[in-house]
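Model, not experiment: these values are computed from the prediction. Labels below follow one simple rule: chain letters A, B, ... track the order of the sequence lines, proteins then strands, and each chain is numbered from 1.
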2 protein chains.
Amino acid sequence: MTLAYSFEDSRPEPRSPSLVEAMDRLGVRMAFAKDEEVYAQDEPAELMYRVISGMVRTTRLMSDGRRQIGEFYAPGQLFGLEAGPMHRYSAEALCASTVQVIRRSIVRTHLAEGDLERAIWDTTQRELERAQDHLMVLGRKTACERVASFLMHLAQDGGSEAVDMPMGRQDMADYLGLTIETVSRMLTQLQSSKIVEFASCRKFRVQKWDVLERLAA
Amino acid sequence: MTLAYSFEDSRPEPRSPSLVEAMDRLGVRMAFAKDEEVYAQDEPAELMYRVISGMVRTTRLMSDGRRQIGEFYAPGQLFGLEAGPMHRYSAEALCASTVQVIRRSIVRTHLAEGDLERAIWDTTQRELERAQDHLMVLGRKTACERVASFLMHLAQDGGSEAVDMPMGRQDMADYLGLTIETVSRMLTQLQSSKIVEFASCRKFRVQKWDVLERLAA
DNA sequence: CGCTGGATTGAGTCCGGTCAAGCCTTGTGG
DNA sequence: CCACAAGGCTTGACCGGACTCAATCCAGCG
């Protein structure tokens, strides 16, 4: 495994510390290769997951191959905590990743009454908020605004540091409802306007926060 | 009020019957005119709402006026039951409507422990599922597929009956991430292919379920 | 050093947006 | 009952942003 994207636990889960602790004690760490599936759509959701290193994406596929990415999960974030009994998206590692896995029933027996429920609740709530923000992006924003929003979001809590982008152009495109070519064009456009600067095609730095913020609207 | 859209309680809320009962006993019925606001975005969410007649939409606005509709709520459905402390969308009646309103704190004191929580949970869960389906529509479907999905959804539980569409073209457009003109064109296209038939511009009947379903993908 | 897969760039097309005209329904007032 | 106005819907002509297809570039790696 390369060191490139192993920013271990740099963004810890803000809530449910006791759950995370229980997962640490009782959970199993599993390694996933790039593009390896963590779970499948319509599979029963009896496990829960937490990203340790790398990054995970949730995707949904149409019969003709069109793909929509629901969300990206960075180290520290919980995922696969569906409200219903089934997974509504499939989940895949988008680069070599390690994920902590634990059976829900085990968590339940080892946690104070309601702790698991609270964690699921917090996660679902955040999930809904993210989906609602995503709707605005997909429904009403231009290609340039979508890409700007995306970079903004990635850079959010990175200070003025260089930000790593574990996902490739295709993943960005499928997240933003665009094509790779359009994503690429918008990125070069943002770069030539000196709004962001790319060290490599997976690493950038924001140069004009105000402009980027205004573009992301 | 015209009789056009008064399909009172034809689609009852499937879960949380005790909550609905409590709302019936303790809630207040309020009438809203077309386009009247039920609650505003970023307003504290201390009330909960249930559509009695008419229809309600939740919307989010961008600074330049672009609008995204989050969801439509038919009679019987609960809305405004946000997970967080604030409303993340504003809600408006899209035609003359009556809405049952009740303060959350009152519900809590009159219901068995956990009943309110369960209702909020069920609603949030359904909300998330709807948002996730919506993402696929906005991210990866063509104009024709979006409109087909929309009609499909409306007609879902209407049998082969004529289906009423309380919302205007602008509302459809803002829900589907399109313009009124495109929506209109797709509707005439679907009609001239004999897939659906419009009695008036707000009332239709599905003629070829299989084709519509395939289009909606 | 060449191979490979991802990223960029270019040329051309097309879907959906824009602008503008016309139509139809509904409601109002003479 | 008709005339007219107003708003919503449809239709047409045109435009442009994003897609498609294809060539090229580039970094990582054997």
Side-chain angles (χ1 to χ4, degrees), chain A residues 1-5 33-35 64-68 94-96 137-148 150-151 164-192 196-204 215, chain B residues 1-5 33-35 62 64-68 94-96 137-151 164-192 196-204 215:
Chain A
M1 175 179 156
T2 68
L3 277 175
Y5 307 124
K34 177 171 152 59
D35 294 326
D64 61 358
R66 279 177 284 177
R67 192 175 73 145
Q68 178 63 46
L94 59 76
C95 56
V137 172
L138 296 184
R140 286 305 182 203
K141 291 196 181 171
T142 64
C144 184
E145 291 169 335
R146 295 184 201 201
V147 172
F150 186 75
L151 295 183
D164 264 309
M165 267 194 316
M167 67 288 290
R169 298 294 186 261
Q170 187 64 61
D171 284 328
M172 283 197 241
D174 288 341
Y175 180 76
L176 297 173
L178 300 169
T179 59
I180 10 175
E181 293 95 331
T182 301
V183 169
S184 185
R185 275 184 249 276
M186 294 305 125
L187 287 174
T188 52
Q189 190 179 307
L190 287 173
Q191 180 164 34
S192 52
V196 296
E197 187 198 20
F198 281 83
S200 76
C201 71
R202 302 283 186 102
K203 183 172 265 188
F204 72 99
L215 270 178
Chain B
M1 176 179 159
T2 69
L3 278 175
Y5 307 124
K34 176 171 151 62
D35 294 328
M62 288 176 63
D64 61 358
R66 280 177 284 178
R67 191 175 72 146
Q68 178 64 47
L94 58 76
C95 56
V137 172
L138 296 184
R140 285 306 181 200
K141 290 196 181 172
T142 64
C144 186
E145 291 170 334
R146 294 184 201 201
V147 172
S149 303
F150 186 74
L151 295 183
D164 265 308
M165 267 194 315
M167 66 289 290
R169 299 294 187 262
Q170 187 63 61
D171 285 327
M172 282 196 242
D174 289 341
Y175 180 76
L176 298 173
L178 300 169
T179 60
I180 11 175
E181 293 95 330
T182 301
V183 170
S184 185
R185 274 184 251 274
M186 295 304 125
L187 287 174
T188 52
Q189 190 179 306
L190 288 173
Q191 181 165 33
S192 52
V196 296
E197 187 197 23
F198 281 83
S200 76
C201 70
R202 302 281 187 105
K203 183 173 266 186
F204 73 98
L215 270 177

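Nucleotide C:dA7 holds its P atom 15 Å from the CD atom of A:Q191, rounded to whole Å. Atom P of nucleotide C:dC15 and atom CG of B:L178 are separated by 14 Å, given to the nearest angstrom. We find that CE of A:M167 is positioned 16 Å from C1' of C:dG6, with the value rounded to whole Å. Rounded to whole Å, atom C1' of D:dG8 lies 15 Å from atom CG of B:D174. Rounded to whole Å, the distance from CZ on B:F198 to P on D:dC9 is 11 Å. Protein atom NZ of B:K34 is 12 Å distant from nucleotide atom P of C:dG27, rounded to whole Å. Following rounding to the nearest Å, A:D171 (CG) and C:dA7 (C1') show an atom-to-atom distance of 14 Å. In this structure, A:F204 atom CZ and C:dA7 atom C1' are separated by 17 Å, rounded to whole Å.
Taking CE of B:M167 as the reference point, atom CE of B:M172 lies at 7.0 Å (rounded to 0.5 Å). Atom-to-atom distance recorded for B:M62:CE and B:Q68:CD is 10.5 Å, nearest 0.5 angstrom.
In terms of phosphate contacts, B:T179 brings no side-chain nitrogen or oxygen within less than 4.0 Å of OP1 or OP2 of C:dG16.
Scored by the salt bridge (charged side-chain N to carboxylate O under 4.0 Å, His left out) test, B:R169 finds no partners at all (sequence neighbours excluded). Under the side chain to side chain donor-acceptor pair (under 3.5 Å) criterion, B:T188 pairs with no residue at all, not counting sequence neighbours. With sequence neighbours excluded, the residues satisfying side chain to side chain contact (heavy atoms under 4.5 Å, CB included) with A:S200 are A:R202, A:K203.
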Worksheet item: Which letters describe nucleotides 8-14 of chain C, given B = protein heavy atom under 4.0 Å from base, S = only from sugar-phosphate, - = neither?
Response: BBBB---
Which pairs would a plain distance check flag for residues 177-186 of chain A, meaning a side-chain donor or acceptor within less than 3.5 Å of a matching protein atom at least two apart in sequence or in another chain?
residue, atom, partner, partner atom, Å
A:T179, OG1, A:T182, N, 3.3
A:T179, OG1, A:T182, OG1, 3.0

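With contacts defined as side-chain heavy-atom distances shorter than 4.5 Å, the pair B:F204/B:M165 qualifies. Using a 4.5 Å heavy-atom threshold, the side chains of B:Y175 and B:R67 count as separate. A 4.5 Å side-chain heavy-atom check between A:L215 and A:L190 finds at least one atom pair inside the cut-off.
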Under 3.5 Å, N/O pairs linking protein and nucleotides 3-5 of chain C:
none

